[in-house]
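Have a look at the structure below before the remarks.
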Amino acid sequence: MATDLIWQSATALSALLEKGEVTSRDLTEAFIARAQAVEPSVHAYLDLHTDYALEQADQADQRRQLGQVRGPLDGIPVSLKNVISIKDLPLTAASKMLEPFVSPYDATTTLKLKNAGAVLLGRLNMDEFAMGSSCENSAFGPTFNPWDTERIPGGSSGGSAACVAAGETPLSLGSDTGGSIRQPASLCGIVGMKPTYGLVSRYGLAAFASSLDQIGPMAHTVEDAALLLQTIAGYDPLDSTSFNTSIPDYRAALQEAPKKWRLGVPTEFFGEGLDPEVKEAVQRAIQWYEAQGCEIVEISLPHNELSVPVYYVLAPAEASSNLARYDGVRYGHRSSEAKDAIDLYFKSRGEGFGPEVKRRILLGTYVLSSGYYDAYYLRAQKVRTLIRNDYLKAFEQVDAILTPTSPTAAFKLGEKKDDPLSMYLADIYTISVNLAGLPGLSMPCGFTQDKLPIGLQVIGQPFKESELFQIAHAYEQAHDWKTTHPNL
Amino acid sequence: MSRLTVKVFYALATQAAPLYAFGIMSEQAPAMDLDYVANLARIELTPEEKARFADQFASILEYFEKLKAVDVSGIEPTAHAFPVENVWGVDEPAPSFRPEEAMRNAPAQRENMVVVPKVVEDA
């Protein structure tokens, strides 16, 4: 029974709850047992809060008995990247800097999940402060890819992707600044979605690069991702960049018959650096859409190759400002070696931050410093305009864009750890989507010969998540990639 | 202070006095003065970190040179993907943290105040 449960979609589990075939406690116990069995080899969780989860599960079961069910997520386990705050629980962002920190309030997404009756199962590993593409930058040790534990799960939401892929939770939340949901989803063979910038509140999300960060769903299926997004999306007065727009019924949209969409394929995304096996799998997916009557349009996004340098100027610049708050004074790590007040800053930050976070703060400080601002920061913001204009122009011709999510399948642990630039290039197909503020989704589209998952990225128009889900759902329904699970 | 003055000041303040600080860019990527930047960022670096970062920044900055080849004349900068107007909050009192909640994560405290090293000189 328990092994049947762990591979079900959240939507299927919700139906089982509704029919009274299982209780939320059954589900929660099944996922806890699974996590306890596989965590020694996956390490997706930083914190599996068993008692807290079972207490919520019992409350959900009680509501169901009383006929007070709050919706389809009531009683369903969801795990959160450890960068989204849950009141009264530790929030570390996988950093020594926040090791002693306890959240004084709920993130808006957390509050929405609580109100929907979701069972918050645990907190997931990640690259420190969401900076990285392999989950190796966690101060608490890496997460391992469930498909091959010698390989990385991707990052920064590596724990969020690995725990779904390993059957340790049906749903998780990640955050995506340059590909941090989509790239690990691709490398772990699950669905991961970054919403349009402003659709989901960032209140209570530990900030990395505020003009790029978005929280998004990670799941086994497109429908589950739609279900989870439905719950967390919406205007929030506590986030001034939150967009005041009505939220359509994403799952209802999936019931509509597939359309003959016009789908753009950017030539620049299929050139040098793309692994041949990934290329072939993505091209097969594109051919499938064509066979369904979709029009495949060759498009050009000529400035995409500049998205990596633009991102690594802008994101560190924003991070250097956002992370200035970690000064050892009011919260977080405080050095015990400091001689005076200024030394307290230097030592607390020197001891608390890991190497990649230091690199990004230094890089960001440099590009904002006097004499370099125009040459780097302002120029990068202008190139960002060109990147965004490329997309706007493409969307005059097409409904959505199909690309690989990542140039390669999961790489080995340690392979790129000491070469930040080669690590940065792992995000070449995802970063421009954040720079342009667009929604993007990664879903499985095959395996390499070594049985490593390959992801297809679908990029949509701003606030047209419904259409993005429809396009992805149509492909997913016709393929059975999700029926293969990792051997752990 | 004009921008040029600032640049000159910076160049004099950092002993390296690099030409690029005057806006004369060589074809090679400029080297980062790591001590100066780490001081601005208030991060203490170990000698090993300095050595490793210096090499890594050199290759990253060289990669950034790609940006200099782009014609951006007449292009407006994008700070945000969607135009965000100034958003004003309603100026109304609302419940907030009790002092002990706000102080919960303070590394050192006394009577609901954060304890910090002395910041004033002795008289």
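To find a chain, count down the sequence lines: A is the first, B the second, and so on, and within it residues start at 1. Note that the structure is predicted; figures quoted are calculated from it, not measured.
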For the interface with chain B, which of A/G328, A/G350, A/S320 has the highest count of heavy-atom pairs at distances below 4.5 Å? A/G350
Which of residues 102-114 of chain B get closer than 4.5 angstrom to chain A, counting heavy atoms alone? B/R104, B/N105, B/A106, B/P107, B/A108, B/V114
For chain B, the option from A/A436, A/G332, A/P355 that forms the most heavy-atom pairs under 4.5 Å: A/P355
In short, A/Y197 meets B/H80 closest at the heavy-atom pair OH-CE1, 3.2 Å
Any side-chain heavy atom of A/Y105 within less than 4.5 Å of one from B/E101? no
Do you know the tightest heavy-atom contact between B/D71 and A/L386? O-CD1, 4.3 Å
Among A/V383, A/V367, A/L378, A/D327, single out the residue with the greatest number of heavy-atom pairs under 4.5 Å to chain B. A/V383
Measure A/R388 against the heavy atoms of chain B and call it side chain, backbone, both or neither at under 4.5 Å. side chain
Does any heavy atom of chain B fall under 4.5 Å from the side chain of A/L435, the backbone, both, or neither of them? backbone
For A/K358 and B/F53, which heavy atoms make the closest approach, and how far apart are they? CB-CE1, 3.9 Å
Counting a contact as any heavy-atom pair under 4.5 Å apart, which residues of residues 39-48 of chain B contact chain A? B/N39, B/L40, B/A41, B/R42, B/I43, B/E44, B/L45
So which heavy atom on B/A79 is nearest to which on A/R384, and how close? O-NH1, 3.3 Å
Nearest 0.5 Å, please: how far is CE in B/M32 from CG in A/L362? 7.0 Å
For the OH atom of A/Y424 and the OH atom of B/Y63, what is their distance to the nearest 0.5 Å? 12.0 Å
Per the ring-ring contact (aromatic ring centres under 6.0 Å, His included) rule, what does the pair list look like for residues 328-349 of chain A, sequence neighbours excluded? A/F101-A/Y331
Run B/V37 and A/Y372 through side-chain contact (heavy atoms from CB on, under 4.5 Å) and show every step you take. CA-CA 12 Å; B/V37 175; A/Y372 299 95; over 6 Å; no
Select, from A/V102, A/L212, A/D340, the one with the greatest count of heavy-atom pairs under 4.5 Å involving chain B. A/V102
Whatever's closer than 4.5 Å to a heavy atom in chain B on A/L425 counts as side chain
Toward chain B, the part of A/D343 with a non-hydrogen atom under 4.5 Å: side chain
As an exercise: rank B/E49, B/K66, B/K118, B/Q56 by heavy-atom pairs under 4.5 Å with chain A and give me the winner. B/Q56
Heavy-atom pair with the smallest gap, counting every atom of A/A380 and B/L67: CB-CD1, 4.3 Å
Given the options A/P104, A/P462, A/S348, which has more heavy-atom pairs under 4.5 Å with chain B than any of the others? A/P104
Within residues 235-245 of chain A, which residues come under 4.5 Å of chain B, heavy atom to heavy atom? A/S240, A/T241
Side chain, backbone, both or neither: which part of A/E351 has an atom under 4.5 Å from a heavy atom of chain B? neither
Which value, rounded to the nearest 0.5 Å, describes the distance between A/R379 atom CZ and B/I75 atom CD1? 11.0 Å
Minimum heavy-atom distance B/V116-A/R334, with the two atoms named: CG1-NH2, 4.0 Å
Anything under 30° is parallel, anything over 60° is perpendicular, the rest tilted; go ahead and classify B/F82 against A/F463. tilted
For chain B, find which of A/G364, A/S211, A/P309, A/G437 contributes the most heavy-atom pairs closer than 4.5 angstrom. A/P309
Quick check on A/S335 against chain B: is it the side chain, the backbone, both or neither that has a heavy atom closer than 4.5 Å? neither
Could you tell me which portion of B/E76 (side chain, backbone, both or neither) has an atom closer than 4.5 angstrom to a non-hydrogen atom of chain A? backbone
